[in-house]
There are 2 protein chains.
Amino acid sequence: MKNTDKSLYEARAKILKAMAHPSRLLIIEELNKTERCVNELTAMVGSDISTVSKHLSVLKNAGLVTDEKRSNCVYYTLRCSCILDFIDCVEEVLAADAEDHKKILKSIMK
Amino acid sequence: MKNTDKSLYEARAKILKAMAHPSRLLIIEELNKTERCVNELTAMVGSDISTVSKHLSVLKNAGLVTDEKRSNCVYYTLRCSCILDFIDCVEEVLAADAEDHKKILKSIMK
DNA sequence: TTCCTGCTTGGTTAAATTGCCAAACAGGAA
DNA sequence: TTCCTGTTTGGCAATTTAACCAAGCAGGAA
């Protein structure tokens with residue numbers, strides 16, 4: 001792999017890696033609806049607040065969200081909502097998987 | 001987080017995780033052009049063939065590719081080409097990042 | 001049968017990720 | 001000032017991931 005290509009793929013992988021966690025996907029989906037502070041997100045995710053804070057810093061580090069402190073809360077906002085379009089495709093993969101499983105099961109049952 | 005939601009997000013995260021590696025992104029992009037055998041992909045990636053084989057099994061396990069043995073080669077095929085549409089969005093995030101960096105640099109230079 | 005080619009799997013090591021607790025920290029209220 | 005609330009950071013242990021080498025395995029050729 002050429003070096004120029006390598007850093008391109010690394011940059012892309014970094015963003016995917018940041019998204020590739022159940023709690024972070026939940027956070028992304030919620031932030032797509034409206035901005036939220038750490039407290040609110042913590043209640044939704046159901047982990048320790050320090051864990052959620054770290055998830056948010058992963059998302060921020062990847063450029064997926066921005067944060068802003070107002071009064072005594074830190075509000076997080078999704079930076080690119082197109083991120084969620086992708087979920088449709090992920091669902092397609094999952095559906096295709098399910099279809100295959102069905103076929104395999106059928107062929108076993110015969 | 002409810003249990004039903006949890007397994008949904010876990011399923012999605014699994015697919016993203018499978019994609020979230022530079023070599024695997026390269027493989028996905030190449031397989032989007034045409035099917036390839038392990039040997040060919042190994043040459044493109046530039047790692048040990050066992051490493052590439054393991055990357056392919058990660059992709060296969062996530063339902064992103066299928067494999068078929070013909071003559072003495074195992075050919076891998078991309079299962080959902082929509083996967084790559086997502087890259088456009090990833091690029092948008094990267095572009096937004098770059099824009100921000102520029103702004104920060106400018107404000108420092110002032 | 002034995003050899004060779006293409007690929008996968010096992011083993012090992014190093015590095016990264018995750019989650020919690022505890023501690024620190026910032027800013028407003030008392 | 002001290003306290004309280006919201007958030008981040010440090011530290012640690014458990015788990016996962018990644019890469020290589022070596023060994024194994026399947027199938028065709030000799």
Side-chain angles (χ1 to χ4, degrees), chain A residues 1 3 5-7 9-28 30-31 34-62 64-77, chain B residues 1 3 5-7 9-28 30-31 34-62 64-77:
Chain A
M1 181 160 23
N3 270 340
D5 288 347
K6 203 179 168 189
S7 51
Y9 289 118
E10 275 169 1
R12 290 175 178 174
K14 189 187 167 188
I15 291 173
L16 284 161
K17 223 169 163 180
M19 296 179 69
H21 187 286
S23 303
R24 293 200 288 267
L25 284 177
L26 168 66
I27 292 171
I28 288 172
E30 183 55 33
L31 294 184
T34 180
E35 64 170 21
R36 289 287 188 192
C37 67
V38 186
N39 244 341
E40 294 173 314
L41 293 170
T42 299
M44 292 171 193
V45 172
S47 306
D48 192 272
I49 189 169
S50 68
T51 302
V52 173
S53 178
K54 278 176 188 171
H55 281 313
L56 287 165
S57 86
V58 169
L59 292 173
K60 188 179 163 189
N61 196 254
L64 292 170
V65 304
T66 53
D67 62 338
E68 190 194 354
K69 182 150 195 169
R70 287 202 311 273
S71 74
N72 58 345
C73 291
V74 178
Y75 289 93
Y76 280 82
T77 313
Chain B
M1 181 161 23
N3 270 340
D5 288 348
K6 203 178 168 190
S7 50
Y9 289 118
E10 276 169 1
R12 289 175 179 175
K14 188 186 168 187
I15 291 173
L16 283 160
K17 222 167 165 183
M19 294 179 70
H21 188 287
S23 302
R24 293 199 288 266
L25 284 176
L26 168 65
I27 291 171
I28 288 171
E30 183 55 33
L31 293 184
T34 180
E35 63 170 21
R36 289 287 189 192
C37 67
V38 186
N39 245 342
E40 293 173 315
L41 292 170
T42 299
M44 292 170 194
V45 171
S47 306
D48 192 272
I49 190 170
S50 69
T51 302
V52 174
S53 177
K54 278 175 189 173
H55 280 313
L56 287 166
S57 86
V58 169
L59 292 174
K60 188 181 162 187
N61 196 252
L64 292 169
V65 303
T66 52
D67 62 338
E68 190 194 353
K69 182 149 193 170
R70 287 203 308 276
S71 73
N72 58 344
C73 291
V74 178
Y75 289 93
Y76 281 84
T77 314

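First the proteins, then the strands, lettered A, B, ... as listed; each starts at 1.
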Minimum-distance pair of heavy atoms, taken over all atoms of Leu25(B) and Arg12(A): CD1-CB, 3.6 Å
Ile27(B) CD1 to Tyr9(A) OH distance, which is reported to the nearest 0.5 Å: 10.5 Å
Nearest-nucleotide 5' precedence on DNA chain D, Asn72(A) against Ser23(B): Asn72(A)
Shortest non-hydrogen separation from Val45(A) to Ser23(A) and the atoms involved: CG1-OG, 3.6 Å
Separation of dG6(C) C1' from Asp67(B) CG (nearest whole Å): 13 Å
NZ-CG distance between Lys69(B) and Asp67(B), expressed to the nearest 0.5 angstrom: 10.0 Å
Main-chain N/O of Leu59(B) paired to Arg24(B) side chain as donor or acceptor, under 3.5 Å: no
Minimum heavy-atom distance between Tyr76(A) and Val38(A), given as atom pair plus value: CE1-CG2, 3.7 Å
Sugar-phosphate only, base, or nothing, as touched by Arg70(B) at under 4.0 Å among non-hydrogen atoms: nothing
Nearest-0.5 Å distance that lies between atom NZ in Lys54(B) and atom CG in Asp48(B): 9.0 Å
Nearest non-hydrogen partners of Ile15(A) and Ala62(A), listed with the distance: CG1-O, 4.0 Å
Ala20(A) vs Cys73(B), nearer the 5' end of DNA chain C by closest nucleotide: Cys73(B)
Contact summary for Glu35(A) and Glu40(A), nearest pair of heavy atoms: O-OE1, 4.5 Å
Any donor-acceptor N/O pair, Ser53(A) side chain to Ser50(A) backbone, under 3.5 Å: no
Sugar-phosphate, base or nothing in reach of Tyr75(A), heavy atoms under 4.0 Å: nothing
Of residues 45-58 of chain A, the positions that come close to DNA chain D - non-hydrogen atoms, cut-off under 4.0 Å: Ile49(A), Ser50(A), Ser53(A), Lys54(A)
Interface limits on DNA chain D, where chain A has a heavy atom under 4.0 Å of a nucleotide atom: dG6(D) to dG11(D)
Separation of dT8(C) P from Asn61(B) CG (nearest whole Å): 13 Å
Where Met19(B) and Ile28(B) come nearest, the two heavy atoms and their spacing: CG-CD1, 3.9 Å
Residues touching DNA chain C, which here means a heavy atom under 4.0 Å, drawn from residues 9-17 of chain A: Lys17(A)
Nearest-angstrom distance from the residue atom CG of Leu59(A) to P of dT17(C): 13 Å
